[in-house]
Amino acid sequence: MFPEFNEEHLSNKQSAILEKMESNLKEISILLQNPNITYSNFLKKYQTIQTELSDLSTEISHINSVKNSEESQSIYAAILPKLTEYYTNLGQDESIFKALLHIESNESGLNGEQKKVLQNEIRDFRLSGVGLSKEKKDSLKEIRIRQSDLSNQFSQNVLDATNAFEMILESVDVEGMPEGELISAKTENGKYKFTLHFPSYIAYMTYGPNREKREELYKASTTKSPQNGPILEEILQLRKKEAEILGFDSFAHLSLATKVADSPEQVLTFLYDLAKKAKPIAEKEFEVLKTFAAKHGCDELKPHDVIFYSEKLKKESFDYEEEKYRPYLEKESVVKGMFIFLESLLGIQFQIVKTRVWHETVLCYEIRIKGEVRARLYMDLEARKEKKGGAWMHNWKPHYIDETGAEVLPIAFVIGNFPASTKDQPSLLKPSDVVTLFHELGHALHHLLSRVNEAFVSGVNGVEWDAVEFPSQFLENFAYEPKVLALFAKHYKTGEPIPKDYIDTMVRAKNFQSALGVVRQLEFAIFDMLIHKSAPSEAEVQKILDKVRSEVGVIHPPSYNKFQNAFSHIFAGGYAAGYYSYKWAELLSANAYFKFIDEGVFSEKLAEKFRVSVLEKGGSDSAMNLFRAFYGKDPEIEALLRLNGIAA
């Protein structure tokens, strides 16, 4: 029913991709020879062979992310430009475009899913440069191949810089740090190692007692991969040229052509309006923090002090510190409890299965609804040196019915970088880690619960980028719900449930410094949109970032901070001129979440409506239409402000 994932023989996978590209082109050529082209005899088969190629390329990109090696880097770097050239050539193929227009003109009986596939394909062909002169098509192809290479370089530079740095400390520099963090950091010779990998970095920035060492770590993090400065400048210039060739005013306008938002101006208005409401509160939050730090001997609060003193203030204000929750949030217990919650919420069951995995800590599950196997999920949650940082969901296969009538079931990976288990203790999570896990599983369920029969709009495929975070942000909100925490928060040694006052404290502290968090995200989102409107030079990028920080930000970093050189989301991910999506989608998720809270967390009727109206529909309709089908009306900003603890 499901294929095994095989992480070996990367060179064979590379050959399989090259062969598949060649066979696809031959297959398409044969399909186009049909004198009476229809959806069923052309576009159905076209989706299948393209999806099969995507599945193959996902295997290599996935291994390069979770088991990075010189071989994976080399093969991925070699295959990327060939894939880019393949898709660019395909997107500019006049014969295919003509076939799509023929189907659009001659078939009136298509269902909603089929219409959405056709509509998206025609739009994407136009965005790929179909109808342009040969000279412009060739330019577009060169630009896209170069862009893919540069984005890969950008990402690899960040990973290499992250792996290259380590800070070895004596016992005096870690005095007072939580025991769990010390166990993770302790070396064989009795010293302590901290790196730029997130669990390690955030541990010392939060609890590290030596201010100079915190600054050393902060500086290493914010100055890493300086060689990405020229790369991001070239990426911006190439994106600008791409947009101009396609007839758009800027790359920002081009990016929004496939999103819910109508224009860069609309997005910026939304972001600045939110900033006006959040910044005054963020400034008050920061003043409170500065006063608190001064009382504790820090007269001038610097960026490398913020997390450290925020943690102390949070502890003093609410008697809350994330570290004390870790014994109650053992990774396996959290996963099991989360599955119990999802069975109650959405009527889905998770059953562990034995299959081949790429690392011993990876677990695989089948997802069932009413006894029917619907999908497969792999979870790889612990940090490793050869794994790229952060957390993400990677979809391997979508749900669809192929041209023979056979059903293909979906598969996805959820990847995290939570503290690695050791011989002395299992992987223990912080509350923020649990939120991250819920978030990524929300993405996975959006893909895995799809009942859409057309591959190109199934699961997360075809979902507008500024709405793709909706289900993930919706689910993450439940990580703080007392009824949900009670399902899995148990002491890993004694099995004792988490004390009620711990839960009450965590809920009260949830929106601690929330306005500071909001303005930070707005800073990133506005910066992203502005640089993609103007395509500035490396030096001008810094000036724009400085200006945005002065307008929106509250915490002003030192001049050496070159955060943009590691902003992989927009220079090596899918968020270019789209980082605003987090807040845009949060608007939808906040409204949906409070509907559950106000009507009852475990409302069976509401949960089924959400699953059927949103999760099972994937990209088969506009995200806003699906939201309205579930919610009954347009989203309201009051819910977003309520979620963040900001008064309207």
Side-chain angles (χ1 to χ4, degrees), residues 205-206 267-296 298 300-322 431-432 435 439 469 473-474 476-477 479-480 504-530 545-557 561 563 579-591 593-594 597-598 635-648:
M205 295 306 293
T206 304
V267 170
L268 288 168
T269 297
F270 166 71
L271 297 173
Y272 278 118
D273 282 351
L274 199 50
K276 282 177 189 172
K277 293 180 171 70
K279 186 173 181 179
I281 299 170
E283 288 173 332
K284 289 176 186 174
E285 291 175 350
F286 194 51
E287 284 303 315
V288 169
L289 183 62
K290 285 196 290 186
T291 301
F292 174 82
K295 284 180 184 175
H296 289 75
C298 179
E300 187 182 359
L301 191 70
K302 298 285 185 70
H304 54 270
D305 300 316
V306 169
I307 300 173
F308 180 77
Y309 284 103
S310 289
E311 181 66 19
K312 286 186 175 297
L313 175 59
K314 196 174 189 179
K315 185 175 188 292
E316 184 176 291
S317 301
F318 303 98
D319 191 26
Y320 177 86
E321 54 180 329
E322 281 207 313
S432 56
V435 172
H439 179 99
E469 296 292 336
Q473 291 178 336
F474 164 76
E476 76 175 52
N477 290 320
Y480 283 100
D504 293 342
T505 298
M506 187 164 76
V507 172
R508 285 201 318 274
K510 176 177 177 282
N511 282 322
F512 173 71
Q513 294 184 344
S514 64
L516 280 170
V518 169
V519 296
R520 186 169 182 267
Q521 268 206 312
L522 294 174
E523 184 182 304
F524 296 165
I526 293 168
F527 165 70
D528 166 46
M529 190 57 69
L530 290 178
L545 182 55
D546 293 342
K547 185 171 186 291
V548 172
R549 282 171 170 163
S550 68
E551 291 173 344
V552 176
V554 173
I555 300 169
H556 301 295
N561 182 310
F563 143 82
Y579 197 83
Y580 76 92
S581 301
Y582 284 103
K583 278 292 166 230
W584 194 273
E586 194 179 342
L587 180 66
L588 305 181
S589 66
N591 280 267
Y593 169 67
F594 284 120
I597 295 303
D598 296 341
E636 298 156 316
I637 198 167
E638 286 72 24
L640 178 57
L641 298 173
R642 177 185 171 189
L643 186 70
N644 287 284
I646 299 171

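We count residues from 1, following the sequence as given.
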Any chance the side chains of Gln513 and Ser310 put a donor and an acceptor closer than 3.5 Å? yes

What are the two closest non-hydrogen atoms of Val554 and Glu283, and how far apart are they? CG2-CG, 3.9 Å

Please determine if Asp598 and Arg642 form a salt bridge, counting it only when a charged side-chain N lies under 4.0 Å from a carboxylate O. yes

Compare every heavy atom of Val507 with every heavy atom of Tyr480, then report the nearest pair and how far apart it is. O-CG2, 3.4 Å

More than 12 heavy atoms of other groups within 6.0 Å of Lys510 NZ: yes

Heavy-atom pair of closest approach, residues Phe286 and Leu301: CE1-CD2, 3.5 Å

Greater than 12 external heavy atoms within 6.0 Å of Lys312's NZ: no

Looking at the rings of Phe527 and Tyr579, which for Trp means the six-membered one, are their centres under 6.0 Å apart? no

What's the separation between atom OG1 in Thr291 and atom CG in Leu313, rounded to the nearest 0.5 Å? 10.0 Å

Quick check for you: to the nearest 0.5 Å, what is the distance between Met529 atom CE and Tyr580 atom OH? 5.5 Å

Among Ile526, Asp528, Leu522, which residue satisfies the side-chain contact (heavy atoms from CB on, under 4.5 Å) criterion with Val548? Ile526

Which pair of heavy atoms, one from Leu640 and one from Lys583, lies closest together, and at what distance? CD2-O, 4.3 Å

Donor-acceptor pair between Asn591 and Glu638 side chains, under 3.5 angstrom: no

Is it true that Arg549 and Glu523 make a salt bridge, defined as a side-chain N closer than 4.0 Å to a carboxylate O? yes

Rounded at 0.5 Å granularity, tell me how far CD in Glu469 sits from CG in Leu588. 11.5 Å

Taking all atoms of both residues into account, what is the closest heavy-atom pair of Ala515 and Ala282, and its distance? CB-N, 3.5 Å

To the nearest 0.5 angstrom, please state how far the NZ atom of Lys314 sits from the CG atom of Asp319. 12.5 Å

Show, in sequence, the C-alpha distance, side-chain angles and deciding distance for Tyr272 and Glu551, and conclude whether the side-chain hydrogen bond (donor to acceptor under 3.5 Å, both in side chains) test is met. CA-CA 9 Å; Tyr272 278 118; Glu551 291 173 344; 3.2 Å; yes

Side-chain (Glu476) to main-chain (Val435) donor-acceptor, under 3.5 angstrom: no

Atom pair SG (Cys298) and CZ (Phe292), whose distance is rounded to the nearest 0.5 Å: 10.5 Å

Looking only at non-hydrogen atoms, find the nearest pair between His556 and Gly553 and report the distance. CE1-O, 3.7 Å

Is there a donor-acceptor pair under 3.5 Å between the side chain of Asn644 and the backbone N or O of Leu641? no

So, the side chain of Gln473 versus the backbone of Tyr582: is there a donor-acceptor pair under 3.5 Å, distance only? yes

Measuring from atom CG of Leu271 to atom CZ of Phe524, what distance do you get when rounded to the nearest 0.5 angstrom? 13.5 Å

Decide yes or no on side chain to side chain contact (heavy atoms under 4.5 Å, CB included) for Leu545 and Phe563, but give the supporting numbers first. CA-CA 10 Å; Leu545 182 55; Phe563 143 82; 4.2 Å; yes

Is the side chain of Glu311 donor-acceptor paired with the backbone N or O of Glu322 at a distance under 3.5 Å, no angle test? yes

What do the steps show when you test Glu316 against His296 for side chain to side chain contact (heavy atoms under 4.5 Å, CB included), and what is the final call? CA-CA 12 Å; Glu316 184 176 291; His296 289 75; 4.0 Å; yes

Please answer whether the main-chain N or O of Tyr320 pairs with a side-chain N or O of Thr505 as donor and acceptor at a distance below 3.5 Å. no

Going through the distances and angles, do Leu530 and Leu268 end up as a side chain to side chain contact (heavy atoms under 4.5 Å, CB included)? CA-CA 9 Å; Leu530 290 178; Leu268 288 168; 4.0 Å; yes

Run the numbers on Met205 and Phe308 for side chain to side chain contact (heavy atoms under 4.5 Å, CB included), then give the verdict. CA-CA 6 Å; Met205 295 306 293; Phe308 180 77; over 6 Å; no

Could you check if a side-chain atom of Lys284 sits within less than 4.5 angstrom of a side-chain atom of Val288, using non-hydrogen atoms only? no

Short question: side chain of Ser550, backbone of Lys547 - any donor-acceptor pair under 3.5 Å? yes

